[in-house]
Chemist: 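For reference, the structure I am asking about is given below.
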Amino acid sequence: MEKQVAIIGAGVSGLLACKYTVSKGFNPIVFEARNSIGGVWINTVETTKLQTPKPAYQFSDFPWADSVTKLFPNQYQVLDYLQSYAHHFDLLKHIKFSTKVLSIKYQGASDEEMQSWSLWGGNGDPFSSRGKWIVEAQNTQNQLSTEVYQVDFVILCSGRFSDVPNIPEFPPDKGPEAFHGDVIHSMDYANMDYESARDFVRGKRVTVVGFQKFAMDIAMECSIANGVEHPCRVLYRTEHWNVPDYNPWGVPLPYLYLNRFSELMVHKPGEGFLLSLLATILAPLRLAFSKFVESDIEKKLRLAKFGMVPKHRFLQELNSCLIATVPQGFYDKVDEGSILLKKAPSFSFCEEGIKVQGEDTPLETDLVILATGFKGEKKLKDIFESKMFQDCILGSPDSAVPLYRECIHPRIPQLAVIGFSESVANLYTSEMRCRWIAELLDSTFKLPSIKEMEKDAEKWDQYLKQYSGRYYRRSCIGALHIWYNDQLCKDMGWNPKRKKGFFAELFEPYGPADYAWRIHPQISQLAVIGFSESVALLYTSEMRCGWLSELLDGTFKIPCIKERE
């Protein structure tokens with residue numbers, strides 16, 4: 001009997017999960033609350049562009065169109081890319097649009113029985129003859145209509161940066177209710193069309209709370225609309241190493257942080273004595289790399305002039321997945337006075353506007369936009385109907401979310417989570433995870449015992465606390481993405497070393513193209529030439545075409561699928 005897989009969310013991770021489960025012979029059903037694909041890219045602000053350089057934000061088997069020439073494409077270009085991918089692989093037929101999942105309920109073993117299991121799901125398999133998930137979904141266009149689905153496996157791809165806004169808490173009578181003006185969340189601003197958003201802020205004294213990418217983009221739009229006559233004030237708690245570009249002092253950032261050599265400088269979860277010793281010895285070099293990047297950012301953005309030099313190292317920013325690209329001209333706007341930066345460890349509302357802790361004079365304002373992020377943990381927790389699963393999915397409040405390989409909760413059977421843990425290039429990381437989940441569903445490998453998975457999650461928790469500081473619950477693998485992908489590759493039986501030659505393996509950056517197949521192990525009578533790059537594309541393509549010609553002429557034979565993988 002065919003096993004039914006449910007995928008919740010049709011953003012980047014949901015599309016990937018659909019594509020790779022289909023490739024294994026499943027017929028997944030994808031629930032999407034909105035009427036289109038794209039996730040966080042459906043609604044954003046006019047000035048928002050891709051933060052990750054285009055080559056690092058692409059599907060391994062579907063390159064960007066030649067017409068997209070910018071290194072950081074805009075919202076429409078990203079959406080078009082995702083839609084082209086979905087059409088190319090015929091994914092839309094699996095998606096139920098305007099269908100919001102209200103809850104999921106596990107039907108099978110009792111809570112007591114599940115607590116006694118030593119293997120995931122009781123038998124270590126992704127499917128069970130006893131266990132099913134009951135998915136309750138509602139039509140968002142007709143909220144009176146709900147449907148119930150019974151499925152064998154659930155993949156949660158609902159993301160952590162949407163739907164549930166993070167609204168700061170205030171003492172009684174010191175919250176938005178005390179303010180005479182408007183208070184909205186950045187999500188509400190992004191839901192407006194571009195023209196409506198411009199009209200909404202025009203002629204108003206706007207205060208933006210936050211200093212991540214969305215906050216800077218909104219502040220730029222307000223400064224463009226109002227100029228120095230009504231400057232946009234930005235309230236922030238912490239300075240960040242936001243980058244002007246990805247070429248500090250002319251050196252591409254991936255050569256400093258996204259290759260195997262850079263990861264030798266970092267202590268890793270489960271590392272042996274030699275790797276630990278090497279990371280300790282290379283610690284001064286790690287510090288030097290950070291200072292090298294920091295000096296470039298300071299110079300280009302004139303951070304000292306504006307009192308915006310962070311107190312922490314750039315490596316912590318990378319390890320926390322907090323790196324944001326500064327909108328072009330942002331600090332020019334600060335310099336001219338159309339953007340005002342104000343540090344505020346805490347604040348409250350009053351009738352005239354905002355009162356910063358320790359200051360008597362209120363900051364008069366007409367509109368406050370809270371660019372304070374989202375409650376991704378609450379969103380993840382609330383989808384479960386079971387109190388036991390709600391309690392265990394997030395783990396202890398003082399530890400990172402305990403997901404094995406950042407995908408599987410050892411105590412929740414027949415379910416995977418994709419896209420909750422972050423990396424420096426989320427599309428690329430989600431694709432690796434979806435391939436891993438598809439191989440798990442296809443019985444290519446088995447998971448270790450529950451105890452072993454929990455121990456592995458504890459090691460990653462220790463790593464996150466060491467390098468990410470107070471942001472450890474973001475579960476960012478940014479500085480160890482190759483080490484992480486190595487674990488996935490080994491589980492699937494692939495060779496984790498994807499480069500040709502010792503020096504290339506050690507010093508060349510890793511990206512999506514390294515996990516693409518020239519001769520795909522599972523697709524016969526097809527080759528791919530020109531997708532993977534080199535420093536001399538014509539020369540490399542000629543070599544590959546010569547190799548392919550010899551293959552077609554019967555000069556040699558391709559090894560078995562397992563050896564190729």
Side-chain angles (χ1 to χ4, degrees), residues 44-51 72 74 181 183-186 189-190 194 197-198 200-249 253 293-314 317 322-347 353-359 361-373:
T44 186
V45 301
E46 187 173 7
T47 54
T48 294
K49 295 182 179 180
L50 189 65
Q51 290 194 78
F72 299 97
N74 62 32
V183 180
I184 65 171
H185 190 266
S186 56
Y189 183 85
Y194 293 166
R198 285 194 296 270
F200 184 64
V201 300
R202 186 173 288 119
K204 294 179 181 177
R205 297 169 297 177
V206 181
T207 297
V208 178
V209 179
F211 198 55
Q212 287 299 300
K213 178 61 175 172
F214 228 23
M216 290 189 288
D217 285 342
I218 294 172
M220 278 294 289
E221 294 195 0
C222 293
S223 71
I224 293 169
N226 295 323
V228 295
E229 184 180 355
H230 297 295
C232 177
R233 182 179 285 109
V234 177
L235 289 191
Y236 67 94
R237 286 192 303 179
T238 307
E239 299 85 359
H240 288 284
W241 290 110
N242 297 319
V243 298
D245 55 50
Y246 286 82
N247 292 285
W249 300 109
L253 194 64
V293 176
E294 292 161 17
S295 63
D296 177 77
I297 297 173
E298 279 191 58
K299 181 177 183 296
K300 287 176 178 173
L301 298 181
R302 300 164 289 164
L303 297 184
K305 176 180 179 179
F306 304 113
M308 296 299 292
V309 179
K311 295 179 175 60
H312 57 274
R313 299 261 73 103
F314 177 79
E317 207 83 49
L322 287 171
I323 295 176
T325 308
V326 178
Q328 188 173 2
F330 181 86
Y331 280 98
D332 292 334
K333 295 289 185 181
V334 176
D335 203 19
E336 76 177 16
S338 59
I339 294 178
L340 306 177
L341 301 175
K342 175 71 175 177
K343 188 163 186 175
S346 67
F347 71 95
I354 283 175
K355 290 195 72 172
V356 174
Q357 183 182 18
E359 298 184 9
T361 305
L363 304 175
E364 296 184 1
T365 188
D366 302 310
L367 169 65
V368 176
I369 302 176
L370 301 171
T372 46

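The structure displayed is predicted, hence computed values, not measured ones. Computed over heavy atoms, backbone and side chain alike; hydrogens, waters and symmetry mates excluded.
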Chemist: Kindly compute the distance separating OG1 (Thr365) from NZ (Lys204), expressed to the nearest 0.5 Å.
Modeler: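 Answer rounded to 0.5 Å: 10.0 Å.
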Chemist: Under the rule for side-chain hydrogen bond (donor to acceptor under 3.5 Å, both in side chains), what residues qualify as partners of Glu294, not counting sequence neighbours?
Modeler: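 Counting only residues at least two positions away or on another chain, Glu294 forms a side-chain hydrogen bond (donor to acceptor under 3.5 Å, both in side chains) with Arg313.
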Chemist: If you count every heavy atom of other residues, nucleotides or ligands that lies below 6.0 Å from Lys299 atom NZ, does the total exceed 12?
Modeler: no
Chemist: Could I get the full list of side-chain hydrogen bond (donor to acceptor under 3.5 Å, both in side chains) partners for Ser223, not counting sequence neighbours?
Modeler: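 Once residues adjacent in sequence are excluded, Ser223 has no partner under the side-chain hydrogen bond (donor to acceptor under 3.5 Å, both in side chains) criterion.
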Chemist: Once rounded to the nearest 0.5 Å, what's the spacing between atom CZ of Phe347 and atom OG1 of Thr207?
Modeler: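 Output value for this atom pair is 9.0 Å.
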Chemist: Minimum heavy-atom separation for Leu50 to Phe72, with atom names?
Modeler: O-CD2, 3.0 Å
Chemist: Identify the heavy atoms of Ala225 and Arg202 that sit nearest to each other, and give their distance.
Modeler: O-CG, 4.3 Å
Chemist: Just to verify, what does Pro244 make a side chain to side chain contact (heavy atoms under 4.5 Å, CB included) with, not counting sequence neighbours?
Modeler: Ile297, Lys300, Leu301
Chemist: Which residues pass the side-chain hydrogen bond (donor to acceptor under 3.5 Å, both in side chains) test with Glu229, not counting sequence neighbours?
Modeler: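 Checked Glu229 against side-chain hydrogen bond (donor to acceptor under 3.5 Å, both in side chains); zero matches.
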Chemist: According to the salt bridge (Lys or Arg N to Asp or Glu O under 4.0 Å) rule, which pairs have a member within residues 206-219, sequence neighbours left out?
Modeler: Lys213-Asp217
Chemist: If you take all heavy atoms of Val368 and Val209, which pair is closest and at what distance?
Modeler: CG1-CG2, 4.0 Å
Chemist: First locate atom CG of Leu322, then atom OG1 of Thr238, and finally report the distance between them rounded to the nearest 0.5 Å.
Modeler: 9.5 Å
Chemist: Could you tell me which residues satisfy side chain to side chain contact (heavy atoms under 4.5 Å, CB included) with Pro310, sequence neighbours excluded, listed by chain and number?
Modeler: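 Scan of Pro310 (side chain to side chain contact (heavy atoms under 4.5 Å, CB included), adjacent residues dropped) gives Glu239, Trp241, Leu303, His312.
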Chemist: Holding to side chain to side chain contact (heavy atoms under 4.5 Å, CB included), I want the full list of residues that pass it with Asp332, two or more places apart in sequence or in another chain.
Modeler: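 By the side chain to side chain contact (heavy atoms under 4.5 Å, CB included) rule, Asp332 matches Arg302.
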Chemist: To the nearest 0.5 angstrom, please state how far the NZ atom of Lys342 sits from the CG atom of Leu363.
Modeler: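 Reported to 0.5 Å precision, the distance equals 6.0 Å.
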Chemist: If I take atom CD from residue Gln212 and atom CD1 from residue Ile323, how far apart are they, to the nearest 0.5 angstrom?
Modeler: 10.5 Å
Chemist: Going by side-chain hydrogen bond (donor to acceptor under 3.5 Å, both in side chains), name the residues that satisfy it together with Glu298, two or more places apart in sequence or in a different chain.
Modeler: none
Chemist: Within the structure provided, determine whether Ile224 and Lys333 are in side-chain contact (heavy-atom separation under 4.5 Å).
Modeler: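 A side-chain contact under 4.5 Å exists here.
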Chemist: Quick check against the 3.5 Å criterion: does Glu221 have a side-chain atom that pairs as donor or acceptor with the backbone of Thr47?
Modeler: yes
Chemist: Mind jotting down which residue pairs meet the salt bridge (Lys or Arg N to Asp or Glu O under 4.0 Å) criterion with at least one end in residues 361-373? Sequence neighbours excluded, please.
Modeler: Arg205-Glu364, Arg205-Asp366
Chemist: Who passes ring pair (Phe, Tyr, Trp, His ring centres under 6.0 Å) against His185, sequence neighbours left out?
Modeler: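 His185 satisfies ring pair (Phe, Tyr, Trp, His ring centres under 6.0 Å) with Phe374 once adjacent residues are dropped.
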Chemist: What residues form a ring pair (Phe, Tyr, Trp, His ring centres under 6.0 Å) with Phe200, not counting sequence neighbours?
Modeler: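 Phe200 satisfies ring pair (Phe, Tyr, Trp, His ring centres under 6.0 Å) with no residue once adjacent residues are dropped.
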Chemist: Is Glu359 atom CD crowded by more than 12 heavy atoms from other residues, nucleotides or ligands, each under 6.0 Å away?
Modeler: yes
Chemist: Minimum heavy-atom separation for Lys355 to Pro362, with atom names?
Modeler: CG-CB, 4.0 Å
Chemist: Tell me which pairs pass ring pair (Phe, Tyr, Trp, His ring centres under 6.0 Å) where either residue lies in residues 207-232, with sequence neighbours left out.
Modeler: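 Residue pairs with at least one partner in residues 207-232: Phe211-Tyr236.
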Chemist: Using the side-chain contact (heavy atoms from CB on, under 4.5 Å) rule, take Leu253 and Phe314 through it: C-alpha gap first, then chi angles, then the decisive distance, then the call.
Modeler: CA-CA 12 Å; Leu253 194 64; Phe314 177 79; 4.2 Å; yes
Chemist: In Å and rounded to the nearest 0.5 Å, what is the NE2 to CD distance from His240 to Glu317?
Modeler: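 Those atoms lie 5.5 Å apart.
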Chemist: Between Val201 and Asn226, what is the shortest heavy-atom contact and its length?
Modeler: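 That would be O-ND2, 3.0 Å.
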Chemist: Tell me the closest heavy-atom pair linking Trp249 and Asp296, and the distance in Å.
Modeler: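 Minimum heavy-atom contact is N-OD1, 2.9 Å.
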